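Report on one structure; see the data block that follows.
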2 protein chains.
Amino acid sequence: MRIADPLQDSCAGAATRDCRHGLATNGCEDCKVRLFSVCAALEVPELEELDRISQAREVPARTTLFEQSTLAGSVFNVTDGVVRLYKSLPDGRRQIVGFALPGDFLGLALQDRYGVTAEAVTAVAVCRFARPAFLAYVDDKPHLLRRLHEFAGHELSLAQEQMLLLGRRTAEEKIAAFLLNMQARYARIGTVSVTVPLPMSRQDIADYLGLTIETVSRTLTRLAREKVVLIVPDGVRLLDLERLKLAGAS
Amino acid sequence: MRIADPLQDSCAGAATRDCRHGLATNGCEDCKVRLFSVCAALEVPELEELDRISQAREVPARTTLFEQSTLAGSVFNVTDGVVRLYKSLPDGRRQIVGFALPGDFLGLALQDRYGVTAEAVTAVAVCRFARPAFLAYVDDKPHLLRRLHEFAGHELSLAQEQMLLLGRRTAEEKIAAFLLNMQARYARIGTVSVTVPLPMSRQDIADYLGLTIETVSRTLTRLAREKVVLIVPDGVRLLDLERLKLAGAS
DNA sequence: CGGGCTCTTGAATGGTTTCAATGGGAGTGG
DNA sequence: CCACTCCCATTGAAACCATTCAAGAGCCCG
């Protein structure tokens with residue numbers, strides 16, 4: 001994982017996109033995630049227009065991108081790193097509703113307030129758009145709106161799958177499904193491997209699966225003892241996919 | 001709640017919209033739910049066009065509208081009654097991901113397979129559209145796509161709220177939030193009342209909240225004993241909104 | 001009136017949580 | 001370079017909330 005550029009603040013403040021250190025190089029056309037992100041719906045001339053309203057930005061781990069219930073001033077495309085999206089209860093209980101990986105779009109719903117809080121889990125690179133500018137940009141591009149809608153539909157499906165997991169699966173099934181799901185997501189963005197990176201903490205995993213940190217730890221330990229997985233630094237190697245799928249399949 | 005017209009099958013089979021018994025009267029313009037459904041984005045001439053590709057349909061309770069994983073041949077607008085949307089695990093465990101009320105749109109994601117199963121809880125009236133026809137209809141109407149996207153964004157927010165509920169709330173909080181939520185939803189479609197209709201079974205409520213039927217029953221009984229609610233046939237009267245909000249607030 | 005269904009209630013079990021202590025790396029400062 | 005601290009993860013034991021198992025009550029409908 002790339003370390004955040006210490007100059008990121010000078011970049012964040014810039015009104016234009018002349019901000020080409022680090023991951024953002026020559027604008028949208030060269031973007032690493034273009035082909036599997038929302039932007040794949042756009043032609044080159046449109047990309048150049050998008051370039052003009054975008055700001056590449058890099059932030060270190062644990063940076064808050066935006067907060068639940070605040071006015072949605074920006075939307076983001078994640079280009080590197082992992083972001084956690086969560087909702088909180090007044091007493092501090094937290095539910096992570098998703099982890100955003102490179103290619104994921106934050107603020108898909110285009111609503112005027114953020115429904116969740118977004119925090120960088122690792123160092124993160126994003127493409128940032130002022131919401132009014134982005135809305136204006138979308139306005140005369142039905143094919144982009146279509147693409148955004150497709151993404152939203154996909155998100156909705158994932159959310160429903162997660163409801164099934166949260167409401168009806170056991171701790172072991174939750175962990176198994178989570179690992180398989182993360183593996184599949186990394187595969188889609190080009191990192192096919194039986195070793196699944198888990199940059200988030202055990203507490204994050206617990207808050208994503210509706211468990212406690214102790215249950216996550218115990219369950220992973222048990223799966224490791226049974227040679228279903230091998231726990232490695234910042235990740236897990238999946239040893240027995242069949243056994244995992246037995247528990248985690250939908 | 002209106003009882004399903006026994007002639008509904010003759011209606012369901014009809015290719016055109018000449019099917020005006022029961023709730024569907026003079027087409028979209030007179031539609032009871034038009035103003036708070038997706039269709040509110042449409043002008044009168046567009047509504048007439050929509051009329052031509054729509055089929056009003058009434059089905060009795062427990063009818064399956066569509067099934068999880070099957071090809072999405074139709075999309076629906078619910079005009080009367082209550083529909084449950086759920087996902088199932090191979091061993092029979094079930095998670096209801098939502099109850100659709102009048103004005104709700106089924107198949108919002110416009111994906112080619114249904115992600116959930118939809119079953120009528122009560123007698124239900126829907127406006128049905130063949131998916132290809134609907135897609136063609138949407139194609140040159142960006143404002144409708146925009147409206148669909150808004151609805152999808154709203155759905156996504158609800159789903160995230162439900163994840164918080166499923167993952168982090170206690171049984172009592174789940175019940176309280178459910179009752180307040182149903183009350184608010186009925187209020188939006190015109191039925192403002194402290195008596196909340198609950199046409200679905202206890203098992204449905206349990207499967208929606210990630211509980212067992214016994215826990216739902218016990219919790220409701222306790223709330224009734226504590227004079228927070230009054231259980232009435234097919235519903236609940238909310239007596240102590242403050243107390244409920246204390247438990248159910250986000 | 002009886003059958004079948006849903007809902008309620010009680011008692012016991014259990015999976016997960018809570019509480020508590022230990023282990024182990026990363027970073028810091030002496 | 002090594003103690004020291006801090007934080008995160010692991011592990012153990014006890015407690016608890018929700019579930020499971022079981023029985024009874026209520027209700028609709030033939």
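Just so we're on the same page: letters track the sequence lines, and every chain starts at 1. For clarity, every value in this text was computed on a predicted model and none was experimentally measured. No hydrogens, no waters, no symmetry mates; every other heavy atom, side chains included, goes into these values.
Atom CG in A:Asp207 sits roughly 15 Å away from atom C1' in C:dT16 (whole-Å rounding). For A:Glu214 and C:dG23, the CD to P distance is 17 Å, given to the nearest whole Å. Rounded to whole Å, atom P of C:dT6 lies 17 Å from atom CG of B:Leu198. Straight-line distance from the CG atom of B:Asp204 to the P atom of C:dT6: 10 Å, rounded to whole Å. Following rounding to the nearest Å, A:Arg93 (CZ) and C:dT16 (P) show an atom-to-atom distance of 19 Å. Between B:Arg222 atom CZ and C:dC7 atom C1' there is a gap of 17 Å when expressed in whole angstrom units. Atom CG of A:Leu209 is separated from atom P of C:dG15 by 19 Å (rounded to the nearest Å).
Heavy-atom nearest nucleotides on DNA chain D were determined for B:Ile213 and for A:Val216, and the one closer to the 5' end corresponds to A:Val216.
The base of C:dC5 lies outside donor-acceptor range of the side chain of B:Gln203, with no N or O pair under 3.5 Å. Taking only distance into account, the side chain of A:Arg218 never meets the base of C:dG15 through a donor-acceptor pair shorter than 3.5 Å.
B:Thr221 comes within contact range of the sugar-phosphate backbone alone, with a heavy-atom separation under 4.0 Å but no base atom that close. In this structure, B:Leu211 reaches the sugar-phosphate backbone alone: every heavy-atom distance under 4.0 Å involves primed, P, OP1 or OP2 atoms, never a base. The residue B:Ser217 sits close to a base: some heavy atom pair falls under 4.0 Å.
In this structure, a donor-acceptor pair under 3.5 Å is absent between the side chains of A:Arg202 and A:Ser217.
A distance of 6.0 Å or more separates the ring centres of A:Phe151 and A:Phe105.
The phosphate of C:dT8 (OP1 or OP2) has a side-chain N or O of B:Arg202 nearer than 4.0 angstrom.
Side-chain atoms of B:Arg94 do not come within 3.5 Å of backbone N or O of B:Ser88 as any donor-acceptor pair.
Between A:Leu179 and A:Leu198 there is a side-chain heavy-atom pair separated by less than 4.5 Å. Counting only heavy atoms from C-beta outward, the side chains of A:Leu239 and A:Arg237 approach each other to under 4.5 Å.
With a 6.0 Å radius and a threshold of 12 heavy atoms from other residues, nucleotides or ligands, A:Asp240 has its CG atom above the threshold.
The outermost nucleotides of DNA chain D lying under 4.0 Å from heavy atoms of chain B, listed 5' to 3', are D:dA18 to D:dC21.
Note on residues 209-250 of chain B: no pairs pass ring-ring contact (aromatic ring centres under 6.0 Å, His included), not counting sequence neighbours.
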